[in-house]
Amino acid sequence: MRLTSKTATAIMILLSGCQGNEITEHESKGIEFVEITDEIGLKSVPTWKYGGPAIADLNHDGHYEFLLTNHHIEPAQLFWGQKDGNIREHNVPIAKFDVHGIAPGDYDGDGDNDVLVSLGGGNGSKPQPPRLLRNDDGKFVDVTDEVGIAHLGARGRSVRWVDMDLDGDLDFLQINARQVVGEDMPRNILFENLGDGSFKYREGGEFENIEAERVLLTDFNNDHITDLILFSPLSIWQGQTGFGFEEVTEAILPENVRSAEHVMAVADADIDNDGDLDLYIARGKTYYEIANNSYHFDRVSGRLDIRDEGNKGHDGIGFLAGEEITLSDFSHWARGTNMTFPVYLGADKTVLDVPPLPDGYRRDSGKVIEGVPSSPVMVPAEAALGFPETFKENGWYLGYIGNGQWRMEWHLDANLAWDIRASIQGVSRVRADWQPQKLDVPDLLLKNDGGQFIDISQNLPVESRGNNWGVTNGDFNNDGLSDFFVFRFGELRKRVQDALMVNQGDMSFLSNLVHGANVLDQGGHGDMGAAFDYDFDGRVDLLSGDDDDGRWHLYKNETEFEGSNYALFRIGYSTAGVDPYAAEITIKTPNKTLFKRIGSAGAVHSQSQLNIVHFGLGDDEKINSVNIRWRTGEEIELDDAQLNQLISVGKFD
């Protein structure tokens, strides 16, 4: 890996890895963000975000709206973009409870974007169709029944607008969770837009049984027909000229990449400016995989974090500590029933007194329950002497057995929780009864070579080898090369810096961890976000969702570019009235050819429509030509586009 003039500085940093291992990280500095969340009016509460935002100009007034998922207690949120750069929250929740994916799109061709919402199915007990909310001048009317999609339900995960028959209107597909015994409907479903405000179910063949919950729309072979990257496991489905998709995984992926597990998010971008879309594949382990014999021990602070399944069973861990320890962050996520899970101390199994709940912590969130410390509690060795011989009650069992040795075990008599969690401070050494879960899974970088993908993952820095849950792309320093921003889950109870992967121009990347687009002291974990130019100043900003009791954050790009130029194109409807989804923009300058396709800048469960398209131009001082091609084949050629300004192309009324 070489350093270029693009890298202002290269430094070495030692960070603590999983279970105390140390890794060396390369860092590329020079791109800086400042948080403006409160300044613009973006308000959210700590909760589960579930796979990133949807960004789109819902009313086509030239300002982006934010559609933000909140998976559990809190409803999904809609924020309207305003002329003054602030945002305004919609007067009623856009959707309530068990929200997974959101997708904006103009299905009825009336000039504004409607909203599809994918809802969970109660772990298979209550399969639900996606809800279609028609946008009537900023009021959203649930038309699920009248448009003909209410009869097909599932355990909803991801929904996507896509013109599968290229007739100009938007069809849609839904990717759903694995079926449970007794479900008699297709797992994944295709719906055709009939052009009269209604939809018809279309049989999808093999598509209906794909094992996946997430999807990225792309066009890997440049035939102007939308293809699908489905995960996990990873599979690629080529769009057909009629209606449907054909799997081509074995034909176009390297053998070592086929059916890759642990794929959490995918972003497509032309990293080498050769006119086709390459792939960054972020990989990590999900909640349920992490909640299976996981622990993290920080030797410096003496903190031990534990997470395990809430299934029927018994497990334990030993550790060395002094004459007192501190318990904190004991919690569980109840599996549909009220349950108590107290802490029992010593051989006598004395129930630990419960301190008051911290301000702002909700009992109805399902995370804090009776009998468990919700704020730090000091436990002296004399209060926990000995260890019980029997374990009849559900709970944590903690005992001091002498000579600095402590023991904690946990017992469940049924499948009661999705996970259980605990933290202990004052620990000097850990002796687990089991092999801990390894959270590090390496990301993949695939170069598109004429519709075939080549694995060039060796060009990624070491930060790509963690537990990464999200990825988005943009040219963050306006040099004409696509970069990636990778959202890292972090440790069990510790947020870590997300990694800005800076393109070096030779298909290799250096990482920047000091970019400022992180809040490390508010709890939560790295999940997913979106890169886009929020304020149209020619610099790509970031909207980030911190999951697992995290918040939404907007980070403004304040990088000084020292002469670098940019281009912004706001793409509207074609002359024939075709919306901007999947429109292609090609820019030629004296030194570059740049290509982008309108859609999301990376995807998990939700879909964006980023029709205000940003290009970094580096030191090029002229645009020779711009070609805009809508998905049905209509084209516009511009030969007088100017630098460093926003240019609108197409119809907007």
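In what follows, every heavy atom counts, from backbone to side chain, and hydrogens, waters and symmetry copies are set aside.
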With sequence neighbours left out, which residue pairs that include part of [range] fulfil the salt bridge (charged side-chain N to carboxylate O under 4.0 Å, His left out) condition?
range: residues 557-580; value: Asp579-Arg631
range: residues 50-69; value: none
range: residues 134-143; value: Arg131-Asp142, Arg134-Asp136, Arg134-Glu146

Exercise. If the plane angle is over 60° it's perpendicular, under 30° parallel, otherwise tilted; pick one for Phe484 and Tyr280.
Key: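 Judged by the thresholds at 30° and 60°, the geometry between Phe484 and Tyr280 is tilted.
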
Quiz prompt | All salt bridge (charged side-chain N to carboxylate O under 4.0 Å, His left out) counterparts of Asp620, not counting sequence neighbours | solution = Lys592

Quiz prompt | Residues in salt bridge (charged side-chain N to carboxylate O under 4.0 Å, His left out) contact with Asp114, at least two apart in sequence or another chain | solution = none

Between the side chain of [X] and the main-chain N/O of [Y], is any donor-acceptor distance below 3.5 Å?
X: Asp541; Y: Leu554; value: no
X: Lys588; Y: Val626; value: no
X: Asn113; Y: Asp106; value: yes
X: Asn557; Y: Phe476; value: yes
X: Thr472; Y: Ala531; value: yes
X: Asp479; Y: Gly618; value: no
X: Ser600; Y: Gln607; value: no
X: Asn473; Y: Asp483; value: no
X: Asp498; Y: Arg488; value: yes
X: Asp527; Y: Gly51; value: yes

In the structure I gave you, are the side-chain heavy atoms of [X] and [Y] within less than 4.5 Å of one another anywhere?
X: Leu68; Y: Phe79; result: yes
X: Asp272; Y: Asp278; result: yes
X: Leu594; Y: Asp270; result: no
X: Arg283; Y: Ile281; result: yes
X: Val162; Y: Tyr581; result: no
X: Pro461; Y: Met501; result: yes
X: Gln82; Y: Ile87; result: no
X: Asn624; Y: Pro590; result: yes

Looking only at the side chains, is there a donor atom on one of [X] and [Y] sitting less than 3.5 Å from an acceptor on the other?
X: Glu32; Y: Thr559; result: no
X: Arg157; Y: His100; result: yes
X: Gln77; Y: Asn70; result: yes
X: Asp276; Y: Asn222; result: no

Closest non-hydrogen atom pair, [X] against [Y]:
X: Thr69; Y: Tyr50; answer: OG1-O, 3.9 Å
X: Val540; Y: Phe33; answer: O-CE2, 3.5 Å
X: Gly572; Y: Pro580; answer: O-CG, 3.6 Å
X: Glu634; Y: Ala576; answer: OE2-CB, 3.0 Å

I need the [X] [atom1] to [Y] [atom2] distance, nearest 0.5 Å.
X: His90; Y: Leu58; atom1: NE2; atom2: CG; answer: 9.5 Å
X: Asn518; Y: Leu500; atom1: CG; atom2: CG; answer: 10.5 Å
X: Asn467; Y: Met264; atom1: CG; atom2: CE; answer: 7.0 Å
X: Thr144; Y: Gln128; atom1: OG1; atom2: CD; answer: 10.0 Å
X: Glu635; Y: Thr586; atom1: CD; atom2: OG1; answer: 9.0 Å
X: Ile271; Y: Gln504; atom1: CD1; atom2: CD; answer: 12.0 Å

Self-check item: Phe66 ring center near Tyr64 ring center (under 6.0 Å)
Solution: no

Self-check item: Pair Tyr107 + Phe199: ring centers closer than 6.0 Å
Solution: yes

Exercise. Any chance you could lay out the side-chain hydrogen bond (donor to acceptor under 3.5 Å, both in side chains) test for Asn591 and Thr589, step after step, and finish with the verdict?
Key: CA-CA 5 Å; Asn591 300 306; Thr589 71; 5.5 Å; no

Which residues pass the ring-ring contact (aromatic ring centres under 6.0 Å, His included) test with [X], sequence neighbours left out?
X: Phe489; answer: Trp469, His525
X: His60; answer: Tyr573
X: Phe569; answer: none
X: His614; answer: none

Quiz item: Are Asn503 and Ser482 close enough, and set up right, to give a side-chain hydrogen bond (donor to acceptor under 3.5 Å, both in side chains), and what steps lead you there?
Solution: CA-CA 6 Å; Asn503 192 332; Ser482 291; 5.9 Å; no

Could you pull out every donor-acceptor pair under 3.5 Å between side chains of residues 167-174 and any protein atom, sequence neighbours left out?
unit_1: Asp167; atom_1: OD1; unit_2: Asp169; atom_2: N; d: 3.2
unit_1: Asp171; atom_1: OD1; unit_2: Asn193; atom_2: N; d: 2.7
unit_1: Asp171; atom_1: OD2; unit_2: Met164; atom_2: N; d: 2.9

Quiz item: Got a sec, which residues hit side-chain contact (heavy atoms from CB on, under 4.5 Å) with His553, two or more places apart in sequence or on another chain?
Solution: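 Partners of His553 under the side-chain contact (heavy atoms from CB on, under 4.5 Å) test: Glu35, Thr37, Val519, Gln522, Asp546, Arg551, Tyr555.
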
Quiz prompt | Partner residues of Asn91 under the side-chain contact (heavy atoms from CB on, under 4.5 Å) criterion, sequence neighbours left out | solution = none

Exercise. Apply the test side-chain hydrogen bond (donor to acceptor under 3.5 Å, both in side chains) to residues Glu74 and Thr47: give CA-CA distance (whole Å), side-chain angles for both, the deciding distance (0.1 Å), then the verdict.
Key: CA-CA 7 Å; Glu74 296 297 323; Thr47 185; over 6 Å; no

Quiz prompt | Passing candidate, side-chain contact (heavy atoms from CB on, under 4.5 Å) with Ser118, options Ile175, Ile102, Asp98, Val159 | solution =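 Testing Ser118 for a side-chain contact (heavy atoms from CB on, under 4.5 Å) against Ile175, Ile102, Asp98, Val159 leaves exactly one candidate, Val159.
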
Quiz prompt | Basic-acidic side-chain contact under 4.0 Å: Asp537, Lys556 | solution =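 Counted as a salt bridge, because a side-chain N and a carboxylate O are separated by less than 4.0 Å.
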
